[in-house]
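Scroll down for the structure; my scribbles are underneath it.
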Amino acid sequence: MALMLYNTAAKRKEAFVPLERGNVGLYVCGVTVYDLCHIGHARSAIVFDVLVRYLRAIGNHVTYVRNFTDVDDKIIARAREEGKSPDDLAQFYIDAFYKDMDQLNILRADKEPRATEHIEGMIDMILTLIKGGHAYRAEDDVYFSVESFPGYGSLSGRRLEDMKAGSRIAVGENKRHPMDFALWKAAKEGEPYWDSPWGKGRPGWHMECSVMSSHFLGSTFDIHGGGEDLLFPHHENERAQAIAANGGDFARYWIHNGFVTVDSEKMSKSLGNFLTIRDALTLYHPQVLRLFLLSQHYRSPLDFTRGAVEGHQAGLVRIYRALERMESVIGPWIDNKDQGADGKGGAIALPDEFRAAMDDDLNTARAVAFLFETLKEINRLISPDSADSSGDLSELVRRRKELMRSASVLGLLNDSPAEFFSGIKQGEEGIEREEIERLIADRSAARAGKNWKKADEIRDTLKSMGVVLEDGPKGTTWRIDV
RNA sequence: GGCGGCAUAGCCAAGUGGCUAAGGCAGCGGUCUGCAAAACCGUUAUUCACCGGUUCGAGUCCGGUUGCCGCCUCCA
């Protein structure tokens, strides 16, 4: 079994072989911190979170680098609007990023550099590019010369001639070629700046990723990821300038996740369908969102609709109910040292079917299907009329281990059933425990007297309060309807 | 205009030329239950947008048609 990944650069699935056996370097483009993260950021973060967890689960040591873009035109504009300093604004949204991503059970990267921490490195790279004839100064700006780099366009499958021909890009007065892009931008009045050989200014957008990825992972490293929209121009430019400056191959595998649409529309502020993670979390439990976002292949576009998400909520509730029942049969699930995908050590044992799905370009949809197949087995084993239920529990223990280990690689089922159900219940504050218990006691008395009419009335009353009853051999239990 | 992607059941969705087209949600029938709920069992696509072609064999490959979407400008 070997992990196959779709490499955008090759336009096909390739066997993933790291540069150094057992050691993987991964760089993912993070966010520009000028606003709250939306559901599309969540998808990207989750996809690469799962990639990291899986790479570790199969025994790799992973160095995961994810940046924050904290200097940028949008940040400057937004800070000005809010009367804050760009630094304060950036810090505010970095904090918000962590808050949202933590809820979605997204692991921290090993290195989380900010663009502003690497300005010197960027200046050095620009100097190298100028020296090598790949960049030129135009007044106080510096541009990269795309014509100086023979492979320009190969990553995104574009040809310079085509782009020039159909170009909607205005030819900057100072640019030699319309596709040339800024490496260094002179600061205008009132903008943040750093001193440089070209005067006060700030780096162009693509610089940071070239510099920071090379800084932490070397001039040739294993995987570079990001949203598909970053392929061009960002990744194309990032790669061109990095290779032009440092040599090497830059990233060997390029992975791009597909977009999220909301009700079939691309998210945009003008359409008013810009769904932040925060808003989504008021509607759905984070685990539900996570399951939904992993329920289709990462490269496919994903349409966020209420109906689709709620379908997955129903499925997740079913899994957690089974986990709850298992707790009463074989005790709570305890994390063993050898389980979980956060380990730094060797591979963990994963079911073959799960591995086969994940090895196939992280087919999380198939991996999720495996979870549900395992769930069915588990339910069968603990079903009251199951032939197996009386005797051997080792099969159940084994199945649960398979389920939980697989789920942990997906970052799912990390809550206990109790946590999950208390998290997913809505309107619980309006419900009085004592009142419910009293009604149930009344109903039990009625049932004992075979007064079914009264018993059913009480059940209906509770139902209208959002409480569902389950009569079992050990009495009546209740839960909040979800 | 250039480049790319997608069309599989009521809905979401997997499917890497070849046994009976995964899985989830919803629905229906059954078991269990006083009745329910939950769980289990069964059931729900002779067919994969449409038309051709290649092949012994195609949802899977090729060409065309239609429809939807993305990138080419900041974007996960």
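Predicted, not measured: the structure shown is a model, and the values here were computed from it. Lettering of chains follows the sequences in order, A, B, ..., and the numbering in each one begins at 1. Worth knowing before you read on, the calculation uses all heavy atoms, side chains too, and leaves out hydrogens, waters and symmetry mates.
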Mind checking A:E228 for me? I need base, sugar-phosphate or nothing, with any heavy atom below 4.0 Å counting as a touch. sugar-phosphate
What is the distance from NZ of A:K376 to P of B:C25, rounded to the nearest Å? 9 Å
Spell out, as yes or no, whether a donor-acceptor pair under 3.5 Å connects the side chain of A:R355 to the backbone of A:L350. no
Rounding to an integer number of angstrom, what distance separates B:G15 and B:G5 when you compare their P atoms? 16 Å
Spacing of the P atoms in B:U54 and B:G59 (rounded, Å): 16 Å
Will you find, in the side chains of A:Y93 and A:D70, an N or O donor that is under 3.5 Å from an N or O acceptor? no
Which of B:G15, B:C71, B:A14 is nearest the side chain of A:D360? It is B:G15
Give one of base, sugar-phosphate or nothing for A:T261, where a contact means two heavy atoms less than 4.0 Å apart. nothing
Between B:U44 and B:U8, how many Å separate the two C1' atoms, rounded to a whole number? 15 Å
Nearest-nucleotide check on RNA chain B, A:G311 vs A:D72; residue mapping nearer the 5' end is A:G311
From the list A:R80, A:K185, A:R202, side-chain hydrogen bond (donor to acceptor under 3.5 Å, both in side chains) with A:E191 holds only for A:R202
Is A:H256 touching bases, backbone alone, or none of the nucleic acid, heavy atoms closer than 4.0 Å? nothing
Base, sugar-phosphate alone, or nothing: which one does A:G30 contact when heavy atoms must sit under 4.0 Å apart? sugar-phosphate
Please measure how far the C1' atom in B:U60 lies from the corresponding atom in B:U16, and state the result in whole Å. 9 Å
Using the C1' atom in both, what is the distance from B:U73 to B:C68, to the nearest Å? 23 Å
Could A:R158 and A:F232 be counted as a cation-pi pair, given that NZ or CZ must be under 6.0 Å from the ring centre and within 45° of the axis? yes
With centres under 5.5 Å and planes under 30°, do A:F372 and B:G23 count as stacked? no
If you go through the side-chain atoms of A:R366, does one of them form a donor-acceptor pair with the base of B:G15 closer than 3.5 Å? no
Interatomic distance, A:K11 NZ vs B:C71 P [rounded to whole Å]: 17 Å
Distance-only donor-acceptor check, side chains A:N257 and A:E228, under 3.5 Å: no
Which nucleotide, in any strand shown, forms a Watson-Crick or G-U wobble pair with B:A21, with both distances under 3.5 Å? none
Heavy atoms under 4.0 Å, any strand shown: does A:G307 hit a base, just sugar-phosphate, or nothing? nothing
Have a look at A:E470 and say if it touches a base, only the backbone sugar-phosphate, or nothing, with a 4.0 Å heavy-atom cut-off. base
B:C12 C1' sits how many Å from A:D263 CG, rounded? 14 Å
Euclidean distance, atom CZ of residue A:R159 to atom C1' of B:G4 [Å, nearest integer]: 15 Å
In whole angstroms, the gap separating C1' of B:C12 from CG of A:L316 amounts to 15 Å
5'-most by nearest nucleotide on RNA chain B - A:L469 or A:V260: A:L469
Is any side-chain N or O of A:K266 closer than 4.0 Å to OP1 or OP2 of B:C71? yes
Separation between the P atoms of B:A45 and B:G24, rounded to whole Å: 16 Å
Is A:R318 close enough to B:C25 that one of its side-chain N or O atoms is under 4.0 Å from OP1 or OP2 there? yes
Do any side-chain nitrogens or oxygens of A:N379 fall under 4.0 Å of OP1 or OP2 in B:C40? yes
Nearest to side-chain heavy atoms of A:R380, which nucleotide of B:C41, B:C72, B:A76: B:C41
Under 3.5 Å for both donor-acceptor distances, Watson-Crick or wobble: does B:C40 have a partner, and if so which one? B:G30
Select one nucleotide: of B:G15, B:C71, B:A76, the one nearest the side-chain heavy atoms of A:N363. B:G15
Suppose we call a contact any N or O donor and acceptor under 3.5 Å apart; does that hold for the side chain of A:D456 and the base of B:G34? yes
Taking atom C1' in both B:G10 and B:C3, what distance in whole Å separates the two? 36 Å
Roughly how many Å apart are B:A22 and B:A14, using the C1' atom of each and rounding to a whole number? 6 Å
With a 6.0 Å cut-off on the ring centroids, do A:F221 and A:F250 count as close? yes
Look at A:T477 and B:A38 and indicate whether a side-chain polar atom (N or O) is within less than 4.0 Å of OP1 or OP2. no
With heavy atoms under 4.0 Å as the rule, sort A:R325 into base, sugar-phosphate or nothing. sugar-phosphate
Just call it for A:R443: base, sugar-phosphate, or nothing, with non-hydrogen atoms closer than 4.0 Å on any strand. base
Between A:R318 and A:N379, a side-chain donor and acceptor under 3.5 Å: no
Return the value, rounded to whole Å, for the distance between atom NE2 of A:H312 and atom P of B:G23. 14 Å
Looking at the base of B:C35, is there any donor atom on it, or on the side chain of A:R459, that sits under 3.5 Å from an acceptor on the other one? yes
Indicate whether the side chain of A:N237 and that of A:Q241 have a donor and an acceptor atom separated by less than 3.5 Å. no
Between the base of B:C35 and the side chain of A:D471, is there any donor-acceptor pair under 3.5 Å? yes
Less than 5.5 Å between centroids and less than 30° between ring planes, does A:F259 satisfy that with B:A76? yes
Without decimals, in angstroms, what is the distance between A:F232 CZ and B:A76 P? 17 Å
Between the side chains of A:Q287 and A:D415, is a donor N or O closer than 3.5 angstrom to an acceptor N or O? no
To the nearest Å, give me how far apart CD (A:E373) and P (B:C41) are. 12 Å
